[in-house]
> 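Please see the structure below; I have some questions.
Note on naming: letters A, B, ... go to the chains in the order of the sequence lines (proteins, then strands), and numbering restarts at 1 for each one.
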Amino acid sequence: MKRTIQELLYRSYDTELSAGEQTRLDKALADSPSLRRERDEIAALRDAASSSATPGFGPFFADRVMAAVESEAATVSDMPLFADLLTIFKPVAVAALLVLAVLIPIGGRTLIESLAADNQSLTSAAQSAYALDLEDMLCQTE
Amino acid sequence: MDTNTPQAGLSDQELIAQVRQGNTRAFRTIVERYQSQVAATIIGLIGNTPEAQDVGQEAFVRFFKSLDRFRGDAGVGTYITRIAINLSYNEIRRRSRHRQRHGGTDTQLAQAPDLADRTGSLEHRDIGRALSRLDPKYRSVAVLRLVNGHSTQEVATMLGIPVGTVLSRLSRAQKQLRELLAEYREEHP
């Protein structure tokens with residue numbers, strides 16, 4: 001795609017033109033006073049822009065940033081302590097969860113009540129097993 | 001500047017290695033080394049407003065927090081400037097939302113006491129005003145290339161766009177800046 005002379009003029013400040021493009025631009029500049037005026041305006045604009053750079057945020061900016069960074073670093077360095085606390089209190093947390101599970105009613109009965117109901121049948125089963133064992137012992141002695 | 005600190009002679013990578021080992025103070029040298037570059041970018045994009053320092057601080061803090069992920073593919077200055085650009089865009093969007101909700105005209109940037117006011121140069125003030133009226137995508141290339149003096153390749157890396165796009169946006173930005181400056185000259189001949 002062939003670029004316009006004006007495009008070439010702008011691009012000539014920021015990139016190297018091909019030999020053909022540079023020749024076209026040089027010829028156009030030589031022939032056109034208005035293009036030369038435009039070139040001078042662009043150069044003036046760029047000079048003004050480059051000299052308008054700010055020197056910085058001010059004398060205490062680095063102090064301010066470092067205060068924030070050190071605060072951040074302190075938070076990060078607290079993380080191992082947090083991990084240690086987590087390790088220590090994990091069993092306590094698990095125990096607390098179990099207590100809650102035992103005390104909170106599910107389906108109308110607490111876990112304790114459910115276990116109590118099951119214990120009844122277990123006791124019965126244990127008694128039956130004991131009776132069978134006793135019968136076996138009696139048979140063996142006979 | 002960082003010339004008086006023990007870390008002043010260290011390279012960026014050496015400083016970062018020290019910070020990673022827990023020497024947070026080494027980070028100060030990085031801040032001092034790049035604060036002018038970051039300030040020029042942020043102030044160019046959002047003006048020399050009180051928010052500019054907050055954005056600058058946040059840019060460095062975010063860089064500090066991302067040091068573990070920083071591989072050094074891009075230079076430190078490029079990396080921090082990229083963070084600063086993104087945070088500046090956020091600030092521009094925040095202002096835009098604020099204007100939509102509460103009305104008002106553009107912009108804090110145009111009204112802010114910018115560098116031009118400090119130098120007392122009418123030309124610089126006009127440049128600041130004109131930059132503030134550019135669309136952010138043109139403003140960012142103009143600030144990075146024309147004001148901060150980065151190469152077109154650096155600008156492309158910082159903005160994550162091809163060099164060809166940088167060049168076309170630069171052309172457009174300069175045309176608009178010239179038109180705006182011509183308007184200002186007519187207002188105040």
> First locate atom CZ of A/Arg64, then atom CD of B/Gln35, and finally report the distance between them rounded to the nearest 0.5 Å.
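Output value for this atom pair is 12.0 Å.
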> Passes side-chain contact (heavy atoms from CB on, under 4.5 Å), B/Thr152 versus A/Thr15? Steps please.
CA-CA 8 Å; B/Thr152 48; A/Thr15 188; 5.7 Å; no
> Which atoms of B/Lys65 are under 4.5 Å from chain A, going by heavy atoms: the side chain, the backbone, both sets, or neither?
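Answer is side chain: those atoms of B/Lys65 sit under 4.5 Å from chain A.
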> Closest approach of B/Ile127 and A/Ala49, non-hydrogen atoms and distance?
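That closest heavy-atom pairing would be CD1-N, 4.1 Å.
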> Determine, using the 4.5 Å side-chain heavy-atom cutoff (strictly less than), whether A/Val69 and B/Ile83 are members of one ILVMFWY cluster.
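As far as the 4.5 Å side-chain criterion goes, B/Ile83 and A/Val69 are connected within one cluster.
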> Taking C-beta and beyond as the side chain, do A/Glu7 and B/Leu167 meet within less than 4.5 Å on heavy atoms?
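No - every pair of side-chain heavy atoms lies 4.5 Å or more apart.
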> For B/Arg28 and A/Glu70: C-alpha separation, side-chain torsions, deciding distance, then whether side-chain contact (heavy atoms from CB on, under 4.5 Å) applies.
CA-CA 10 Å; B/Arg28 185 183 187 95; A/Glu70 276 160 12; over 6 Å; no
> Answer whether the closest heavy-atom distance between the side chains of B/Glu32 and A/Met66 falls below 4.5 Å.
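No, their side chains stay 4.5 Å or more apart.
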> Could you look at B/Leu146 and say if it's the side chain, the backbone, both or neither that has a heavy atom under 4.5 Å from chain A?
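The answer is both parts of B/Leu146.
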> I need the minimum non-hydrogen distance between A/Ala68 and B/Val61, along with the two atoms involved.
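Of all heavy-atom pairs spanning A/Ala68 and B/Val61, the closest is CB-CG2, 3.7 Å.
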> Quick check for you: among B/Leu181, B/Leu170, B/Ile42, which has the greatest number of heavy-atom pairs under 4.5 Å with chain A?
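Ranked by contacts with chain A, first place is B/Leu170.
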> Looking only at heavy atoms, what is the nearest atom pair of A/Phe61 and B/Gly56, with distance?
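A/Phe61 and B/Gly56 have their closest heavy atoms at CZ-C, 3.6 Å.
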> Among the options B/Ala40, B/Ser168, B/Gly149, B/Ser171, pick out the one with the most heavy-atom pairs lying under 4.5 Å from chain A.
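It is B/Ser171.
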> Quick check: are there more than 12 heavy atoms from other residues, nucleotides or ligands sitting under 6.0 Å from CZ of A/Arg24?
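Yes, CZ of A/Arg24 has more than 12 neighbouring heavy atoms, counting only those of other groups under 6.0 Å.
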> Given the rule that I, L, V, M, F, W and Y join up when any side-chain heavy atoms are under 4.5 Å apart, are A/Leu17 and A/Leu35 in one cluster?
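Result: yes, single cluster for both.
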> What's the shortest heavy-atom distance between B/Ile43 and A/Gly56, and which atoms?
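Result for this residue pair: CD1-O, 4.4 Å.
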> Under a 4.5 Å heavy-atom cut-off, does chain B meet the side chain of A/Asp63, its backbone, both or neither?
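Answer is both: backbone and side chain atoms of A/Asp63 are under 4.5 Å from chain B.
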> Ignoring hydrogens, what is the shortest heavy-atom contact between A/Leu45 and B/Arg178? Give both atom names and the distance.
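Minimum heavy-atom contact is CD2-CG, 4.0 Å.
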> Does the side chain of A/Phe57 reach to within under 4.5 Å of the side chain of B/Val38, using non-hydrogen atoms?
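A side-chain contact exists here, since the closest heavy-atom pair is under 4.5 Å.
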> Below 4.5 Å from any heavy atom of chain B, which atoms of A/Gln6 appear? Answer side chain, backbone, both or neither.
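Side chain only.
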